[in-house]
Amino acid sequence: MTHYLEFEKPLAEIEGKAEELRALARANEEMDVEGEAAALDAKAGTMLKELYEGLTAWRKCQVARHPERPHCKDYIEALFTEYTPLAGDRNFADDHAIMGGLARIGDTAVVVMGQEKGHDTKSRIERNFGMARPEGYRKAIRLMDLADRFGLPIVALVDTPGAYPGKGAEERGQSEAIARSTERSLNAKVPVISVIIGEGGSGGAVALATANTLMMLEHSVYSVISPEGCASILWKDSEKMREAAEALRLTAQDLKKLGVIDTIIKEPMGGAQRGRAQTIEAVGKAIEDELKALTARAKGDTMRKERREKFLKIGSKGLAA
């Protein structure tokens, strides 16, 4: 059953009516409803286009969080071969919110990692809804160390509302682990590519998004805080999340203008959730193309220098926009 977002309710009614007509026709072969159903399909297609061409920042947040969007595990299973996972941080535990290991994409050996939210109740609890604890970021550091040691490019898939803010995580050094992961990514001598495939929230996302090339899916979001959290702090009212979403400039289009990201990967009409295979294929092509471009000039300290210069320049572009 398709999961419809709040703003998609009118669309749900039309598509539901078309499906009801077809169900009646299947039950009674003498009924000819294809003409009416096709007219409803055309109306639904027009409405879908209008909805997604005019998405507000808050609606993009809703799309980025859609439970049927492809997640990190889906991309790894579809795009990467010979995937060998790495577990644990050699310090405390294995955090299932961050997954990663050695793999190949095309003919290129890489280290791939990312946040996994899970698809159903059981997997979401196991993955802690994509919110990593300190041991998750320390696992990411292990993976980056491994990549540097063997000269393997790093591919990171970012999809998290933020790092886990629980008491235990804070006691085990959550902020330090995030800072160390960000620092390790900045200092990597190999090419680093990050793709925000859904929600890029706070330092929990930055820890895996400090890359030479940062890409975002068309309807993903990337911000220092969630719109609800921002509204609670600024206006003491989480219901002002729509205003907060606009103020945060968190869409891929805004961030491209500001120079925070490098590339926007187009999604199928209706979002990644309506075209999972096409979206995964587009992300895979973007990663492979960028890997070729980066590895062609990855000599000595080039990647580290380019990455540092890139982040020092952030904020100098598009301030007047």
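Keep in mind that this is a model prediction, so the values were computed, not measured. Computed over heavy atoms, backbone and side chain alike; hydrogens, waters and symmetry mates excluded.
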Main-chain N/O of Glu267 paired to Thr279 side chain as donor or acceptor, under 3.5 Å: no

Are Val110 and Leu157 connected in the hydrophobic side-chain network, where two residues link if heavy atoms are under 4.5 Å apart? yes

For Glu170, does the CD atom sit with more than 12 other heavy atoms under 6.0 Å from it, leaving out its own atoms? yes

For the pair Arg242 and Glu246, evaluate salt bridge (charged side-chain N to carboxylate O under 4.0 Å, His left out) and give the outcome as yes or no after the intermediate values. CA-CA 7 Å; Arg242 293 168 183 79; Glu246 294 292 340; over 6 Å; no

Are any of the side-chain nitrogens in Glu288 or Lys285 under 4.0 Å away from the carboxylate oxygens of its partner? no

Side-chain H-bond candidate by donor/acceptor type, Tyr4 with Glu15, under 3.5 Å: yes

Looking only at heavy atoms, which two atoms of Thr210 and Val192 are closest? And how far apart? O-CG1, 4.0 Å

Roughly how far apart are Met216 CE and Asp254 CG, rounded to 0.5 Å? 9.5 Å

Asp159 bridged to Arg69 by N-O distance under 4.0 Å: no

Rounded to the nearest 0.5 angstrom, the CD-CG distance for Glu243 and Leu234 is 11.0 Å

Does a salt bridge link Lys139 with Asp95, judged by any charged N lying under 4.0 Å from a carboxylate O? no

Val260 versus Ile314, closest heavy-atom pair with distance: CG2-CG2, 4.0 Å

I'd like to know if the side chain of Asn187 pairs up with that of Arg308 as donor and acceptor (distance under 3.5 Å, no hydrogens or angles considered). yes

Heavy-atom side-chain proximity of Met99 to Pro85 below 4.5 angstrom: no

Tell me whether Glu199 is salt-bridged to Arg65, with the criterion being a basic N under 4.0 Å from an acidic carboxylate O. yes

Between Arg138 (side chain only) and Arg133 (backbone N and O only), is there a donor and an acceptor less than 3.5 Å apart? no

With rounding to the nearest 0.5 Å, note down the distance linking CZ in Phe311 to CG in Leu186. 6.5 Å

Closer than 4.0 angstrom, basic N to acidic O: yes or no for Lys240 and Asp237? no

Hydrophobic cluster membership, Tyr75 vs Ile193, 4.5 Å side-chain cutoff: yes

Within the supplied structure, the quantity of interest is the number of heavy atoms (other residues, nucleotides, ligands) at a distance under 6.0 Å from Asp107 CG; does it exceed 12? no

As a quick check of understanding, evaluate salt bridge (charged side-chain N to carboxylate O under 4.0 Å, His left out) for Arg276 and Asp74, giving each step before the final call. CA-CA 9 Å; Arg276 292 166 59 88; Asp74 301 316; 3.3 Å; yes

Side-chain heavy-atom pair Ile265, Val195 within 4.5 angstrom cut-off: yes

Single-linkage hydrophobic cluster Ile141~Ile178, side-chain heavy atoms < 4.5 angstrom: no

Between the side chains of Arg297 and Glu306, is the shortest nitrogen-to-carboxylate-oxygen separation below 4.0 Å, so that they form an ion pair? yes

Would a 4.5 Å heavy-atom cut-off, applied to side chains only, mark Phe129 and Pro161 as touching? no

Can you tell me if Glu53 has over 12 outside heavy atoms packed within less than 6.0 Å of its CD? yes

Does Arg142 come within less than 4.0 Å of Asp89, counting only side-chain N to carboxylate O? no

When you measure from the centre of the six-membered ring of Phe92, is the NZ or CZ of Arg172 under 6.0 Å away and within 45° of the axis? yes

Donor-acceptor check, side chain of Ser194 to backbone of Ala211, threshold 3.5 angstrom: yes or no? no

For Leu250 and Ala245, the nearest pair of non-hydrogen atoms, with its separation, is CG-O, 3.8 Å

Side chains of Met144 and Met113: closer than 4.5 Å at any heavy-atom pair? yes

Check whether any side-chain N or O of Thr160 sits under 3.5 Å from a backbone N or O of Gly130 as a donor-acceptor pair, and report yes or no. yes

Does Asp120 offer a backbone N or O that forms a donor-acceptor pair with the side chain of Ser123 under 3.5 Å? yes

Using a 3.5 Å distance criterion without hydrogens, assess whether the side chain of Arg307 forms a donor-acceptor pair with backbone atoms of Ala188. yes

Within the distance-only criterion (no hydrogens, no angle test), does the side chain of Ser185 pair as donor or acceptor with the backbone N or O of Ser181 below 3.5 angstrom? no

Checking Lys117 side chain against Arg124 main chain: does a donor-acceptor pair fall under 3.5 Å? no

Give me the atom names and distance for the closest heavy-atom approach of Val190 to Leu152. CG2-O, 3.3 Å

Determine the sole option in Thr213, Asp262, Asn212 for which the side-chain hydrogen bond (donor to acceptor under 3.5 Å, both in side chains) test with Lys310 is passed. Asp262

Roughly how far, to the nearest 0.5 Å, is the CG atom of Asn128 from the OH atom of Tyr164? 6.0 Å

Please verify the inter-ring angle class for His3 with His66; under 30° counts as parallel, over 60° as perpendicular, anything in between as tilted. perpendicular

With a 3.5 Å distance limit and no angle check, can you tell me whether Tyr52 reaches the backbone of Met47 through a side-chain donor-acceptor pair? no

Would you say Ile76 and Val155 are hydrophobically clustered, going by side-chain heavy atoms of ILVMFWY under 4.5 Å? yes

Is the shortest side-chain N to carboxylate O distance from Glu116 to Arg127 below 4.0 Å? no

Quick one, Glu77 with Lys73, criterion salt bridge (charged side-chain N to carboxylate O under 4.0 Å, His left out). Give me CA distance, side-chain angles, the key distance, then yes/no. CA-CA 6 Å; Glu77 289 176 350; Lys73 190 170 182 283; 2.7 Å; yes

With heavy-atom distances below 4.5 Å as the criterion, would you say the side chains of Met215 and Ile196 are in contact? no

Is the backbone of Arg104 close enough, under 3.5 Å, to the side chain of Thr108 for a donor and an acceptor to pair up by distance? no

Check this for me, if you would: do Glu13 and Lys9 make a salt bridge, where the nitrogen-to-carboxylate-oxygen distance has to be below 4.0 angstrom? no

Closest non-hydrogen atom pair, Tyr222 against Ala205: CE1-CB, 4.0 Å

Could you check if a side-chain atom of Leu86 sits within less than 4.5 angstrom of a side-chain atom of Leu102, using non-hydrogen atoms only? no

